Q: 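The structure that follows is given in the form of structure tokens.
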Amino acid sequence: HLFLKGSSRGSLRAPLKEMANNTPSPNRRLSVTGDILAGSRSAGKTLAQTLASKIAGDGLPTTRHLLRIFSDKRVHRSLTESLVSSTPQGGSPPQGGLAAKLGLSLDSSLSTAPDDPNAFVYPIPGSSVPSTPSTTQSKCLYLFNLKAGPDCAEGAKCAKPPHFVTSLNGRIYSENCDVELSLMSKAFRIDWDVAYPKAAKYSLLATIVCLVQIVCLFRQLHYTETPAAAASISLLCVGQQSVLDAIICVVHLLLCAFLPQLFTAFASVAFFKLVMFLILEMRYIVVIAHSRDPQRFFQGGISRLRQEWALIHLRFYSALFFTLASAYIFQKYLNLIVLVMYSYWVPQIVTNCMRDVRVPFHRMYLYGISITRLVIPLYLYGCPRNLASLISSEKAKPNYHMCLLLVAWTAAQVAVILLQERWGPKFMIPARFLPPKYDYSRPLPRAMLEPLPETGGAIECVICYHDIETARLGQYMITPCDHIFHPQCLERWMNEKLECPVCRSELPSHSSI
């Protein structure tokens, strides 16, 4: 395979000398397969003459020849003409030229599309082909109809040939041997001089984003350290974010294996995402599940605890594999899948309505996660020359509509959570569709108003052991099980546990919690 670039014969000296030294002896058969990338007219002519001298001039028997020529019009016209009627250096011209000697039928004409500098046909159908009876009878006459890419823009002319060939499509067929081969090939090239600095900048940006997310997650863990506060968080909300981080980690690990030159850049991002979803977010999911039903975790001892841990991990990895499989199968709906994955606040909005929760998140966590999670998709969708476009064969155009949609959708989710905090978790639902809400300040039952001899007629709070003023509404809180407490005492208790301090029955959520 010869890849030759340059406009002078000096650039061909070394590869031609190496080819001459490695030429087999006359008693051995020779198989020639060449990928010729000639950069000038003189280079193509010199190469053709050397091939004629070494193959046809020395009289070497041959068995197989395939010459694929990637160049502009002038170069492969010159090369074709030289192959058809080349004269060995210091010898007489062979009968029928080099093409006849090799059993190849070449035509000096260009393809049927002369405006396309990358298309060529050897020979074009219907052209006159030099041939001899011995050639056509003993060997297959192959016709090459190949087109090298990339193509120029539709309706525009190429100012100059592309520097690199990225596709080769067409067919090779023989009418006298009834053979036809279809050829479709693609290739891409990474410009490492541009990729290295871009990878360093991307790695720095993604690492900063991961660190900010870790800080916000620690702040939220501290904010919901009580069981009642943790029970108000949606498992689907945290689980969806954990699956999203796991997908980003898997993608960066695959890039580390696919592009070892950029291993450091992608490995740092994969490490921080691994810490987030495997340690922090999985721990948060366990805390939330435990606060929802603490008895379930400890009724069966250590074996029951292990089962619950295994069940949580099974659900998580099942959701991860399902998401990856869906993204692979439904690639044409990838933008829709991205929108679904970035709907991670929607489960919390539903949980706020169901559990009557006003403030589930710390403001730092809500704002920080919403902003930082938009950085990577905005970089991929909005940056014209991002790192993904350099390492992929498809040169995707920026999708600014998708950028605006992601920002608007995330902002809408955050706005609903803030409005739930201000106007109530069910502000968007008409009142006639809402179930009746329990009133902790309802009037006391008549039986509780009768004086108690042992307390001198006063009702005592079992939390602080002080008397409760029951003459006015708002001075007490009464549970559905008819136990009375000071408002501040019961609210502080309900921040820890949503159960009655006396009989341990479950308590409905209160709007102030």
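Keep in mind the model is a prediction, meaning the values are calculated, not measured.
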Q: May I ask you to decide if Phe361's main-chain N or O and Gln220's side chain share a donor-acceptor pair within less than 3.5 Å?
A: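 Such a contact is absent between Gln220 side chain and Phe361 backbone.
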Q: Go through the steps to decide whether Tyr284 and Ile233 satisfy the test side-chain contact (heavy atoms from CB on, under 4.5 Å), and finish with yes or no.
A: CA-CA 10 Å; Tyr284 199 17; Ile233 304 300; 3.5 Å; yes
Q: May I ask you to test the Asn352-Val416 pair for a side-chain heavy-atom distance under 4.5 Å?
A: no
Q: Search all heavy atoms of Ala319 against all heavy atoms of Thr323 and return the closest pair with its distance.
A: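 Here Ala319 and Thr323 meet closest at O-OG1, 2.7 Å.
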Q: Atom CG of Leu320 and atom CG of Leu244: how far apart are they, to the nearest 0.5 Å?
A: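 Going from the CG atom of Leu320 to the CG atom of Leu244 covers 10.5 Å.
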Q: Should Arg363 and Leu418 count as side-chain neighbours, where that means a heavy-atom distance under 4.5 Å?
A: yes
Q: For the pair Thr351 (side chain) and Pro347 (backbone), establish whether a donor and an acceptor sit closer than 3.5 Å, ignoring hydrogens and angles.
A: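 Side chain of Thr351 to backbone of Pro347: a pair is present.
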Q: Should Val209 and Gln213 count as side-chain neighbours, where that means a heavy-atom distance under 4.5 Å?
A: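 With C-beta onward as the side chain, the pair touches.
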Q: Find the distance between CD1 (Ile288) and CD (Glu281) and round it off to the nearest 0.5 Å.
A: 10.5 Å
Q: Using a strict 4.0 Å threshold on nitrogen-to-oxygen distance, state whether Arg373 and Asp245 make a salt bridge.
A: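 Answer for the salt bridge query: yes.
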Q: What do you reckon, is CZ of Phe271 surrounded by more than 12 foreign heavy atoms closer than 6.0 Å?
A: no
Q: Apply side-chain contact (heavy atoms from CB on, under 4.5 Å) to Met402 and Leu339, showing your working.
A: CA-CA 9 Å; Met402 188 66 182; Leu339 281 177; 3.8 Å; yes
Q: Which heavy atom of Leu235 sits nearest a heavy atom of Ala289, and at what distance?
A: CD2-N, 4.1 Å
Q: Apply the test side-chain contact (heavy atoms from CB on, under 4.5 Å) to residues Leu311 and Phe316: give CA-CA distance (whole Å), side-chain angles for both, the deciding distance (0.1 Å), then the verdict.
A: CA-CA 9 Å; Leu311 184 60; Phe316 169 77; over 6 Å; no
Q: Over all heavy atoms of both residues, which pair between Ile337 and Ala327 is shortest? Give the atoms and the distance, please.
A: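 Distance-wise, the nearest heavy atoms are CD1-CA, 3.8 Å.
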Q: Counting only heavy atoms from other residues, nucleotides and ligands, does the tally under 6.0 Å from OH of Tyr196 exceed 12?
A: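 Yes, the 6.0 Å shell around OH holds more than 12 heavy atoms from other groups.
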Q: Under the 3.5 angstrom rule, does the side chain of Ser242 hit a backbone N or O of Val238 as a donor-acceptor pair?
A: no
Q: Taking atom CD1 of Ile417 and atom CG of Leu366, what is their separation to the nearest 0.5 Å?
A: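 Between atom CD1 of Ile417 and atom CG of Leu366 there are 5.5 Å.
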Q: Hey, does Glu308 have a side-chain heavy atom less than 4.5 Å from the side chain of Val286?
A: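 No, side chains not in contact.
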Q: Does atom CE of Met354 have more than 12 heavy-atom neighbours from other groups under 6.0 Å away?
A: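 No, the 6.0 Å shell around CE holds no more than 12 heavy atoms from other groups.
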Q: Considering only heavy atoms from C-beta outward, does the side chain of Leu406 approach that of Tyr381 to under 4.5 Å?
A: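 Counting from C-beta outward, Leu406 and Tyr381 do come under 4.5 Å.
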Q: Is it true that, when you exclude Tyr400 itself, more than 12 heavy atoms of the residues, nucleotides or ligands shown sit nearer than 6.0 Å to its OH?
A: yes
Q: Might you work through the ring pair (Phe, Tyr, Trp, His ring centres under 6.0 Å) test for Tyr202 and His252, ending with a clear yes or no?
A: CA-CA 12 Å; Tyr202 170 78; His252 284 79; 5.8 Å; yes
Q: If you measure from CZ on Phe258 to CZ on Phe266, what distance do you get to the nearest 0.5 Å?
A: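 The CZ atom of Phe258 sits 10.5 Å away from the CZ atom of Phe266.
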Q: Compare every heavy atom of Gly382 with every heavy atom of Pro398, then report the nearest pair and how far apart it is.
A: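 Smallest interatomic distance, heavy atoms only, reads CB-O, 4.0 Å.
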Q: Go through Ile172 and Asn145 one step at a time and tell me if the side-chain contact (heavy atoms from CB on, under 4.5 Å) criterion holds.
A: CA-CA 6 Å; Ile172 304 173; Asn145 189 344; over 6 Å; no
Q: So does Ala265 get a backbone contact from the side chain of Ser268, meaning a donor-acceptor N/O pair under 3.5 Å?
A: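 Judged by distance alone, yes, a pair lies under 3.5 Å.
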Q: Tyr365 vs Trp345 aromatic rings, parallel, tilted or perpendicular, using cut-offs 30° and 60°?
A: perpendicular
Q: Would a distance-only check, ignoring hydrogens and angles, find a side-chain to backbone donor-acceptor pair under 3.5 Å from Tyr342 to Val407?
A: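 Not a single qualifying donor-acceptor pair exists.
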Q: Do you know which two heavy atoms are closest between Cys249 and Ala270, and how far apart they sit?
A: SG-O, 3.4 Å
Q: Determine whether Cys403 and Tyr379 make a side-chain contact, defined as any pair of heavy atoms from C-beta on separated by less than 4.5 Å.
A: no
Q: For the CG atom of Leu236 and the CD atom of Gln348, what is their distance to the nearest 0.5 Å?
A: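 Nearest 0.5 Å value for the CG-CD distance: 10.0 Å.
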Q: Does any non-hydrogen side-chain atom of Val350 lie less than 4.5 Å from one of Cys353?
A: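 Side-chain contact under 4.5 Å: no.
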Q: Which pair of non-hydrogen atoms, one from Thr224 and one from Pro360, has the smallest distance, and what is that distance?
A: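 Minimum heavy-atom contact is CG2-O, 4.0 Å.
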Q: Quick one: does Lys198's side chain have a donor or acceptor within less than 3.5 Å of a partner on Arg385's backbone?
A: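 Flag set: sc Lys198 to bb Arg385 pair under 3.5 Å.
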Q: If we only count heavy atoms from C-beta on, is the Leu255 to Leu262 side-chain gap below 4.5 Å?
A: no
Q: For the residue pair Tyr344 / Gln413, report whether a side-chain donor-acceptor contact shorter than 3.5 Å exists.
A: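 No donor-acceptor contact under 3.5 Å links the two side chains.
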Q: If you count heavy atoms of other groups shown closer than 6.0 angstrom to OH of Tyr317, is the number above 12?
A: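 Yes, the 6.0 Å shell around OH holds more than 12 heavy atoms from other groups.
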Q: Say whether, by atom type as modelled, one donor and one acceptor occur between the side chain of Asn169 and the main chain of Lys147 under 3.5 angstrom.
A: no
Q: Atom OG in Ser203, atom CZ in Phe272: separation rounded to 0.5 Å?
A: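 Going from the OG atom of Ser203 to the CZ atom of Phe272 covers 9.0 Å.
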Q: Spell out, as yes or no, whether a donor-acceptor pair under 3.5 Å connects the side chain of Gln240 to the backbone of Val340.
A: yes
Q: When you measure from the side chain of Glu180 to the backbone of Arg171, do you find a donor-acceptor pair of N or O atoms at a distance under 3.5 Å?
A: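 Checked: no pair found.
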